[in-house]
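In what follows, chains carry the letters A, B, and so on, assigned in the order in which the sequence lines appear, proteins first and then strands, with residues in each chain numbered from 1.
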Amino acid sequence: MKKLLITMILTLAFVAKASALDLIVPASAGGTYHKFAAIIADDLKAQGYEVNLIVSGNCVIGKKQWNDSKSALMINSEATNAVTKCNVPITKENFAHNIFTAGWVIVAKTKSLGDKMGVVSYMKNTVKDLDVKLVPYKNTTEIKAAFLAGEIDSGFLTTGRASEIQNKFELVNTQSDDKGQFESWKNNDLTLNYYIMSKNVSADVIEAIRNNKTLKAIALKKSMMPVTHNKLKNQINYLKRNENKWK
Amino acid sequence: MDIIIFSLGVMGGIFAGLVPGIGVFTTLILLYPLLLELTLVQLLILYIPLASISQFIGSVPALYFKIPGESTSFIATEYGHKLFIKGHHDLIPLTAIGSFVATILSAVVIFSLPYLYESMFYYFLSTKFVFFLILLTGACLIATSKNNWLLSTAMIIAGMVLGNIGFNASTGKFFGTFDNDWLSYGIPLFPFIVALYVLPNIFNLDSSSVNGKTIDNAYVKSVGNIKQYISKMLNGSVIGMVAGFVPIIGKIVGVSASRAFYKKSDKESVIAAESSNNSSIFTAMIPLFLFGVPITLGEILIYNVAETNYDLHNEFKSILSTWLLPTLIIASGVLGLILSWPLARYCTYIFKLPTIFLKTLFLVVVLGSLIYVGSVKHMAWYYILVLIAFVPLGQLLRKNDVIPLIFSFIFAKISMTIFERIII
């Protein structure tokens with residue numbers, strides 16, 4: 001009986017130790033979040049960690065799975081966190097690492113915004129104070145298509161997406177020093193950060209993510225170098241301040 | 001290496017085309033870790049045969065067993081299966097040849113792209129064009145359904161309501177979720193189709209007189225009949241090409257419009273529809289290659305994977321100037337033709353099995369796939385609940401034509417998104 005109990009305890013201990021770490025993607029399969037998570041998962045697996053990649057389908061279920069999980073990583077951004085039902089507050093305890101920072105710029109047929117402006121649906125609040133009708137799209141690729149089809153006069157795009165059609169528009173680069181007529185616009189330096197949240201995850205896992213070479217190469221190639229602050233408090237304040245712009 | 005990847009694409013296409021509810025996108029998701037390792041050219045070598053062959057293969061289980069392998073196979077299941085069982089076995093070769101004709105035409109169009117003006121295609125990306133085609137499809141569904149128009153309209157409304165449940169990422173709005181987290185995901189298509197259409201058809205599956213000899217006779221006869229049906233194949237292909245520009249649901253728009261075009265003859269409508277879906281998958285690639293705008297779920301996934309490492313706009317331009325795409329399309333077409341025509345005759349062996357065994361086999365395959373896909377998405381129990389919830393509706397409607405309900409369900413979210421955009 002004693003032997004049996006010891007065996008059971010050892011087995012349980014082994015199972016607990018070997019239980020996989022959940023890596024939650026609070027978005028649909030095949031999208032940007034999924035791609036970044038798959039890169040992280042592959043790298044962690046190569047280093048001997050057991051990772052269970054969970055693609056939630058959307059951020060509501062992602063939040064639920066985050067809450068239900070005992071040990072998890074989750075990719076998040078201000079855009080996702082700005083949806084009330086998806087909000088997982090960033091804290092000193094759960095913030096792990098900022099992986100990418102993307103800048104947003106306005107593209108337009110002329111130097112003015114025109115009548116209609118294409119905007120990703122979850123970003124409507126960030127541009128609501130501009131004097132233009134807002135047309136919602138699912139993502140920046142759809143905005144690019146609408147711009148080419150001529151059904152919007154301007155669009156709010158990431159710098160990367162805007163560069164794909166750079167010969168077809170007048171760029172109002174709100175990320176540069178010359179912000180033109182948007183000098184006093186409160187969101188003229190808007191960025192989107194993709195960051196990792198963690199829960200009951202060892203420091204070496206976070207360190208492995210920080211050192212992920214593929215993610216670093218993408219950041220460099222796509223001009224998405226993450227904004228990082230030396231002090232954790234400052235980093236969290238930066239993300240929270242940014243998040244409020246998205247709400 | 002490239003041949004291995006091409007072969008994997010062929011096998012993926014067979015898988016996506018045979019198993020109901022698992023389309024091109026789900027197959028790509030299952031292959032996702034591998035996709036991250038591939039170059040852009042290798043991604044295309046995998047994707048093109050996968051997308052093409054799934055359309056060729058989808059009509060085989062649809063005609064033989066009334067089981068839709070692909071979402072575009074519903075025209076073949078609903079209007080073609082009965083004819084097939086009554087002896088029109090030449091539908092197998094005729095739909096395969098129609099698909100091949102559409103594939104060859106598409107290869108010609110893709111090959112011509114570098115010589116055409118990009119701006120010619122801008123209009124096809126516009127919301128107005130897409131809205132017009134969606135409205136046209138709604139009208140086609142009502143006009144061609146075997147129900148009375150009132151029931152078809154009620155089904156379309158029900159499909160729109162059910163399909164809109166959940167979080168719409170395009171509008172950022174929630175609908176009908178009653179604060180339930182799982183409902184925010186929406187009603188998954190796979191268990192919905194299985195409950196509403198696949199299970200009732202499996203339960204009604206009957207033995208068939210079809211055998212190798214009758215199939216061979218029909219195959220020989222079909223060669224003489226090609227002349228009679230070639231115009232339907234060509235028209236279906238052209239309809240599919242135009243419809244292919246509709247984001248996400250272009251294939252469905254194409255098959256619905258083709259069905260409407262030949263409403264008076266079920267056989268002609270099936271041949272046209274099966275040609276249409278093959279051409280629409282290739283014209284859907286035109287915005288991707290010309291402007292770097294992916295418009296189907298499979299393309300979006302491929303684009304997302306590839307954009308990390310490539311300047312896609314320039315890469316696609318250089319790929320277009322080579323023979324790669326036409327070669328891949330024609331090679332996929334030839335293999336698709338072989339798989340869905342001569343080899344399809346071996347499906348007759350399945351009919352030699354006792355009916356009860358056949359029903360059990362199909363149930364195991366369908367329910368096993370459903371639980372597997374649900375597990376991959378970490379929502380197996382939700383899939384099962386949705387299945388259980390819609391089985392009574394499937395039984396209630398088993399004697400009706402449920403295509404308006406299923407197609408409007410698939411259309412629902414994008415229709416609402418387009419409508420919101422059009423009124424701004």
Undergrad: Could you tell me which of K144(A), K133(A), K63(A) has the largest number of non-hydrogen atom pairs under 4.5 Å with chain B?
TA: K144(A)
Undergrad: Kindly compute the distance separating NE2 (H378(B)) from CG (L53(A)), expressed to the nearest 0.5 Å.
TA: 7.0 Å
Undergrad: Is V120(A) in contact with chain B via its backbone, its side chain, both, or neither, using a 4.5 Å heavy-atom distance?
TA: neither
Undergrad: Please check this pair: side chain of D181(B) against backbone of K64(A), looking for a donor-acceptor N/O pair closer than 3.5 Å.
TA: no
Undergrad: Is it the side chain or the backbone of Y185(B) that comes within 4.5 Å of chain A heavy atoms, both, or neither?
TA: both
Undergrad: Among I61(A), N139(A), I218(A), which residue forms the greatest number of heavy-atom pairs with chain B at distances under 4.5 Å?
TA: I61(A)
Undergrad: Measure the shortest side-chain to side-chain distance between N168(B) and S121(A) over non-hydrogen atoms and say whether it is less than 4.5 angstrom.
TA: no
Undergrad: Going by heavy atoms in the side chains, are K138(A) and K413(B) under 4.5 Å from each other?
TA: no
Undergrad: Give, for atom CD of E151(A) and atom CD1 of I422(B), the distance between the pair rounded to the nearest 0.5 Å.
TA: 7.5 Å
Undergrad: Can you confirm whether H34(A) sits close enough to N304(B) that some side-chain heavy atom of one is under 4.5 Å from a side-chain heavy atom of the other?
TA: no
Undergrad: Heavy atoms, side chains only, cut-off 4.5 Å: are E307(B) and R161(A) in contact?
TA: yes
Undergrad: Which residue out of L301(B), I295(B), L36(B), T127(B) racks up the most heavy-atom pairs below 4.5 Å with chain A?
TA: T127(B)
Undergrad: Does any non-hydrogen side-chain atom of F174(B) lie less than 4.5 Å from one of V60(A)?
TA: yes
Undergrad: Is chain A contacted by the side chain of F129(B), its backbone, both, or neither, given a heavy-atom distance below 4.5 Å?
TA: neither
Undergrad: Measure distances from F25(B) to the heavy atoms of chain A and classify the residue's part below 4.5 Å as side chain, backbone, both or neither.
TA: side chain
Undergrad: Do T141(A) and I300(B) have side-chain heavy atoms sitting under 4.5 Å apart?
TA: no
Undergrad: With a 4.5 angstrom heavy-atom cut-off, could you sort out which part of K221(A) is near chain B: side chain, backbone, both or neither?
TA: side chain
Undergrad: Just wondering, more than 12 heavy atoms not from D68(A) lying within 6.0 Å of its CG?
TA: yes
Undergrad: Let me know if I29(B) has heavy atoms under 4.5 Å from chain A in its side chain, its backbone, both or neither.
TA: side chain
Undergrad: For the interface with chain B, which of P136(A), A41(A), S56(A) has the highest count of heavy-atom pairs at distances below 4.5 Å?
TA: P136(A)
Undergrad: Taking side chain as C-beta onward, heavy atoms only, is D179(B) less than 4.5 Å from K85(A)?
TA: yes
Undergrad: Heavy-atom distances under 4.5 Å only: say whether T177(B) touches chain A with side chain, backbone, both or neither.
TA: side chain
Undergrad: Need one label for P294(B): side chain, backbone, both or neither, based on atoms under 4.5 Å from any heavy atom in chain A.
TA: both
